[in-house]
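Read through the structure below, which is laid out as structure tokens, and then see the notes.
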Amino acid sequence: MSESPPQHPPPHPAVPAFERQPLFDAVPERSRWRYKPRRVSRLWQSKAVRAGALITLLALSGLVILALVREQTGTQGFLVGLALATLPVPLLAAAFRWLDRVEPGPWRNLLFAFAWGAFAAALVAIIANSFATRWIATATADPASADTLGATVIAPIVEESAKAAAVLLIFLFRRRDFTGIVDGVVVAGFTATGFAFTENILYLGTAFGEDQEIGASGLASVTAATFFVRVVMSPFAHPLFTVLTGIGFGIAALATQRQKIRRVALPLLGLALAMGMHALWNGSASLFGPFGFYGVYGAFMVPVFGLLTWLTIWTRQRELRTISAELPAYAAAGWLAAAEPRALSSMRARTMARDVARRMHGPAAAHAVSEYETFATSLAFLRHRAHRGAAGPDFVEREQELLHHLWQRKEVAAPALTYAARATGRVPVPPPHRDYGGYNPYRS
């Protein structure tokens with residue numbers, strides 16, 4: 001029986017030869033660009049009709065869900081819940097955005113994810129959960145068991161599925177912005193943060209209404225206890241559940257076109273794990289007694305949160321190593337200065353390069369360096385996917401487009417990045433230049 005020949009990964013694609021005045025014949029028309037420069041003046045741009053319809057849907061969902069919450073909590077309770085529920089949102093959003101610093105995704109995707117979680121997913125959850133709980137209570141004639149079953153089984157399935165829909169939509173329709181685990185974690189995190197925001201308004205507003213009825217206030221109030229449990233102790237609960245779904249989609253994004261089973265099975269597995277963890281969290285008190293919540297929190301939730309945080313940070317460092325490994329080929333061909341790959345693989349050097357450009361030439365230069373860093377990162381990831389056989393048939397066209405964007409910004413960005421690489425110790429510092437009493441920050 002003959003042995004099959006060993007399978008080897010596809011070789012690295014050849015780097016185009018550098019031209020001092022490149023023609024970029026392979027660059028597509030502007031309307032077909034896949035990597036577009038960011039516009040400074042506008043945060044949200046959409047010409048597609050379906051995008052407008054989606055925004056309208058989210059706005060209507062927001063009006064309906066806020067009206068339902070206000071009806072349950074009362075106007076005063078709604079305002080108190082809104083104020084308290086807003087407190088953890090900036091911290092969670094900043095944390096997830098920090099994880100996405102290597103190749104930042106567009107803000108429009110993150111705003112969509114947050115709005116979907118806060119409005120569409122919350123609306124689906126509140127309607128479906130209420131309907132299912134009432135149906136179970138009617139069928140079993142046992143309202144107490146219906147509430148327990150609804151919280152432990154129905155709510156995790158409904159809520160995680162509703163939140164996962166946002167991750168799925170961005171995965172399908174903004175595929176070029178969804179390239180790995182970090183993207184999945186960030187999108188899922190923003191979606192869950194939005195969902196928790198609306199849910200916290202409901203719980204905190206309801207607690208405030210109970211305090212008004214019984215005359216409680218201060219630290220002994222139901223509002224204070226609810227705030228402590230939901231905002232102080234477990235602001236990361238919903239993001240933690242949904243991040244498992246995001247990781248499933250992120251690993252699927254790394255699969256090649258031929259790995260179809262992996263692309264379908266991994267998101268479903270992540271969703272199933274999210275539902276399971278959510279069910280364990282919701283049912284901790286009923287399953288393990290009055291102190292079950294604290295036991296699950298300390299023995300399970302905190303360690304899992306730490307593990308996922310480590311995984312996400314490790315993945316981000318791996319992305320920086322990918323940049324360091326892939327971009328030297330373009331430096332050798334002349335497209336990048338020799339020190340640029342070292343600077344681009346360091347978050348400290350990237351920040352310094354933008355600061356130097358701002359001091360020397362103003363905000364427009366800093367914006368050009370920021371775009372240069374983004375395009376260079378996309379180029380490294382594109383080449384990495386090509387080496388793995390996952391870049392697609394349009395690799396050359398996309399590579400030429402990215403090189404075109406880099407070349408347009410090279411005059412400003414290359415010296416700033418070279419200076420940053422030297423200042424942060426990424427490359428040796430050359431002898432001082434006599435005209436500057438030191439070395440010129442813009443001497444490459």
Side-chain angles (χ1 to χ4, degrees), residues 92 116-118 120-140 142-168 184-185 187-200 202-203 206 226 229-231 233-251 265-309 311:
L92 291 170
W116 182 277
L123 180 61
V124 169
I126 196 171
I127 294 175
N129 289 342
S130 299
F131 173 80
T133 302
R134 285 198 300 267
W135 182 83
I136 295 172
T138 302
T140 61
D142 187 356
S145 297
D147 289 339
T148 302
L149 184 62
T152 307
V153 179
I154 303 300
I157 294 175
V158 171
E159 293 176 8
E160 294 308 320
S161 298
K163 289 183 285 183
V167 187
L168 175 63
V185 168
V187 171
F190 268 81
T191 305
T193 299
F195 184 91
F197 168 69
T198 301
E199 191 177 69
N200 284 340
L202 176 61
Y203 279 94
T206 302
T226 304
V229 171
R230 298 191 63 85
V231 177
M233 282 190 64
S234 57
F236 57 83
H238 271 290
L240 180 60
F241 307 147
T242 313
V243 156
L244 294 172
T245 304
I247 290 175
F249 276 99
I251 299 176
L266 288 175
L268 293 176
L269 176 60
L271 177 59
L273 292 174
M275 292 176 180
M277 182 177 289
H278 196 158
L280 178 63
W281 176 257
N282 283 6
S284 56
S286 59
L287 292 174
F288 306 109
F291 296 101
F293 167 80
Y294 299 100
V296 171
Y297 180 85
F300 187 74
M301 293 290 290
V302 173
V304 171
F305 175 76
L307 178 62
L308 292 181
T309 301
L311 174 63

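- The backbone N or O of M233 sits less than 3.5 Å from a side-chain atom of Y297, completing a donor-acceptor pair.
- In this structure a side-chain-to-backbone donor-acceptor pair under 3.5 Å is present from S234 to V229.
- Note that CE of M275 and CZ of F241 are 13.0 Å apart. Values are rounded to the nearest 0.5 Å.
- Between the CG atom of L149 and the CD1 atom of I136 there is a distance of 4.0 Å, given to the nearest 0.5 Å.
- Minimum heavy-atom separation, V158 to A125: CG1-CA, 3.8 Å.
- Residues L307 and L311 have side chains not in contact (no heavy-atom distance under 4.5 Å, counting atoms from C-beta outward).
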Worked verdict on F195 versus W116 for side-chain contact (heavy atoms from CB on, under 4.5 Å) = CA-CA 8 Å; F195 184 91; W116 182 277; over 6 Å; no
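- For the side chain to side chain contact (heavy atoms under 4.5 Å, CB included) with V304, the lone residue among V243, T309, L240 that qualifies is L240.
- Closest non-hydrogen pair, V296 versus W281, comes out as CG1-CE3, 4.5 Å.
- T245 and E160 share no donor-acceptor pair across their side chains, judged by distance under 3.5 Å alone.
- Listed for the T242 side chain is no donor-acceptor partner under 3.5 Å among the backbone atoms of P239.
- Side-chain contact check for I154 versus T133: every heavy-atom pair is 4.5 Å or farther apart.
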Mind running side-chain contact (heavy atoms from CB on, under 4.5 Å) on L308 and L244 for me, showing each step along the way?
-> CA-CA 9 Å; L308 292 181; L244 294 172; 3.9 Å; yes
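- The distance from atom CD1 of I126 to atom CG of L123, rounded to the nearest 0.5 Å, is 8.0 Å.
- Counting only distance, with no hydrogens or angles, the side chain of W135 and the backbone of S130 share no donor-acceptor pair below 3.5 Å.
- In plain terms, the two heavy atoms of P156 and A151 that are nearest each other are CD-O, 3.3 Å.
- Here the shortest heavy-atom pairing between K163 and T191 reads O-CG2, 3.5 Å.
- Considering only heavy atoms from C-beta on, F197 stays 4.5 Å or farther from T193 through its side chain.
- Using a 4.5 Å heavy-atom cutoff, the side chains of T198 and L202 are not in contact.
- Considering every non-hydrogen atom in both V153 and I157, the closest pair reads O-CG1, 3.3 Å.
- For the atom pair NE2 of H238 and CG of L92, the computed distance is 12.0 Å after rounding to the nearest 0.5 Å.
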